[in-house]
Amino acid sequence: MERTVRGRDDRVWTLRSTMEWRQPATADDFEHDVSVGNTSAFVLLTLIIVLTIVLVSTIPEDVVAPWNGRMLWLGLLIVLAILFFPARWALRRPWTVVAETGDNGEGEPVERWTGTVRGVFNARSQLNRIAKSIQHDSQPGIEGPLQPVA
């Protein structure tokens, strides 16, 4: 998402937010920055698939289910359960929000503020708050997620 905002002092600010595929490294997370690998995720996914197959194959024939299909309701529940976590993961990714203004002659901004927010809806609302703050105060609010970059 990108947006251009004019401040009260007639400076033009460029606001943008981009989704981060990895968690940003912070000093608090230093001991957890080494990835163990994807083996545990594959083992759990295999276990879920095997247990789903066992559950579906052991349903007795005399089970009465709605919609004239004994497997339809169970299939829908399984699909919803499987799709819940990827959808949650995609919607809760961290977003980097950047506000820049000016040009120093070399294409670099004179003033730059950056911050991180979690979630696509939160990123959109923060971008709107920052835009209003720039229109009223000519700079991003210090109480928000953005901090000036030296």
Side-chain angles (χ1 to χ4, degrees), residues 1-53 55-56 65-69 71-150:
M1 293 181 272
E2 190 163 333
R3 185 172 177 180
T4 304
V5 178
R6 183 173 299 278
R8 186 172 269 186
D9 60 354
D10 286 337
R11 289 191 298 173
V12 177
W13 289 78
T14 302
L15 305 177
R16 70 176 188 279
S17 62
T18 55
M19 184 173 71
E20 296 294 328
W21 289 102
R22 293 179 173 238
Q23 296 285 353
T26 61
D28 298 336
D29 298 331
F30 179 71
E31 65 271 4
H32 301 291
D33 66 345
V34 178
S35 178
V36 185
N38 297 332
T39 306
S40 60
F42 289 122
V43 169
L44 287 176
L45 182 64
T46 305
L47 182 67
I48 289 173
I49 291 171
V50 167
L51 289 175
T52 303
I53 291 171
L55 177 68
V56 169
W67 302 312
N68 294 331
M71 299 311 242
L72 181 62
W73 64 273
L74 184 60
L76 287 175
L77 286 176
I78 291 170
V79 167
L80 284 175
I82 289 173
L83 291 179
F84 171 76
F85 292 105
R88 182 178 181 272
W89 176 84
L91 291 174
R92 297 281 300 153
R93 298 304 311 153
W95 285 69
T96 300
V97 180
V98 178
E100 300 172 325
T101 187
D103 186 2
N104 66 358
E106 298 176 7
E108 295 295 320
V110 175
E111 191 173 349
R112 180 181 172 122
W113 295 55
T114 62
T116 303
V117 294
R118 182 170 286 283
V120 64
F121 301 117
N122 194 14
R124 185 178 297 251
S125 69
Q126 286 295 330
L127 219 57
N128 289 335
R129 284 187 194 141
I130 293 165
K132 286 180 184 177
S133 175
I134 289 173
Q135 288 171 350
H136 293 292
D137 302 330
S138 297
Q139 71 176 6
I142 196 74
E143 70 277 349
L146 295 184
Q147 299 298 321
V149 176

Asks: Identify, with sequence neighbours excluded, every residue that meets side chain to side chain contact (heavy atoms under 4.5 Å, CB included) alongside Leu45.
Replies: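 Applying side chain to side chain contact (heavy atoms under 4.5 Å, CB included) to Leu45 gives Ile49.
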Asks: The criterion is side chain to side chain contact (heavy atoms under 4.5 Å, CB included); which residues satisfy it with Thr114, sequence neighbours excluded?
Replies: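 For Thr114, the residues satisfying side chain to side chain contact (heavy atoms under 4.5 Å, CB included) (neighbours in sequence not counted) are Val98, Arg112, Val149.
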Asks: Between atom CZ of Arg88 and atom CZ of Arg93, what is the distance when rounded to the nearest 0.5 Å?
Replies: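 The CZ atom of Arg88 sits 11.0 Å away from the CZ atom of Arg93.
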Asks: Evaluate Leu55 against Leu51 for side chain to side chain contact (heavy atoms under 4.5 Å, CB included), listing each step before the verdict.
Replies: CA-CA 6 Å; Leu55 177 68; Leu51 289 175; over 6 Å; no
Asks: About how many Å separate CG of Leu15 and CD of Glu2, when rounded to the nearest 0.5 Å?
Replies: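 With rounding to 0.5 Å, CD (Glu2) is 9.0 Å from CG (Leu15).
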Asks: Output every pair passing salt bridge (charged side-chain N to carboxylate O under 4.0 Å, His left out) with a member in residues 7-19, not counting sequence neighbours, ordered by first then second residue.
Replies: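 Qualifying pairs, neighbours excluded: Asp9-Arg11, Arg11-Glu111, Arg16-Glu100.
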Asks: Are the side chains of Thr4 and Val12 in touch, meaning some heavy atoms are under 4.5 Å apart?
Replies: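 Yes, at least one pair of side-chain atoms sits under 4.5 Å.
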Asks: List in chain and number order the residues that pass side chain to side chain contact (heavy atoms under 4.5 Å, CB included) with Met1, two or more places apart in sequence or in another chain; answer none if no residue qualifies.
Replies: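 Checked Met1 against side chain to side chain contact (heavy atoms under 4.5 Å, CB included); matches are Ser17, Trp95, Ala123, Arg124, Leu127.
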Asks: In chain order, what residues pass the side chain to side chain contact (heavy atoms under 4.5 Å, CB included) check against Ile48, with sequence neighbours excluded?
Replies: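 By the side chain to side chain contact (heavy atoms under 4.5 Å, CB included) rule, Ile48 matches Thr52.
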Asks: Under the 3.5 angstrom rule, does the side chain of Thr46 hit a backbone N or O of Phe42 as a donor-acceptor pair?
Replies: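 Flag set: sc Thr46 to bb Phe42 pair under 3.5 Å.
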Asks: Just to verify, what does Asp137 make a side chain to side chain donor-acceptor pair (under 3.5 Å) with, not counting sequence neighbours?
Replies: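 Counting only residues at least two positions away or on another chain, Asp137 forms no side chain to side chain donor-acceptor pair (under 3.5 Å).
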Asks: Within a strict 4.5 Å, meaning less than it, do heavy atoms of the Trp13 and Ser138 side chains meet?
Replies: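 In short, these two side chains do not touch, never coming nearer than 4.5 Å.
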Asks: Between Gly141 and Ser133, which heavy-atom pair has the shortest distance, and what is it?
Replies: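 Here Gly141 and Ser133 meet closest at N-OG, 2.9 Å.
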Asks: With a 4.5 Å limit on heavy-atom distance, are the side chains of Gln147 and Ile142 in contact?
Replies: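 Counting from C-beta outward, Gln147 and Ile142 do come under 4.5 Å.
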Asks: Can you find a pair of side-chain heavy atoms, one from Ile130 and one from Leu146, that are under 4.5 Å apart?
Replies: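 Side-chain contact under 4.5 Å: yes.
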Asks: Under a 4.5 Å cut-off applied to non-hydrogen side-chain atoms, are Trp89 and Phe84 in contact?
Replies: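 A side-chain contact under 4.5 Å is absent here.
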Asks: With side chains defined as the heavy atoms from C-beta onward, is the minimum distance between Gln135 and Val5 less than 4.5 Å?
Replies: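 A side-chain contact exists here, since the closest heavy-atom pair is under 4.5 Å.
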Asks: Nearest 0.5 angstrom please: Ile134 CD1 to Arg129 CZ, how far?
Replies: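 If I round to the nearest 0.5 Å, the distance is 14.5 Å.
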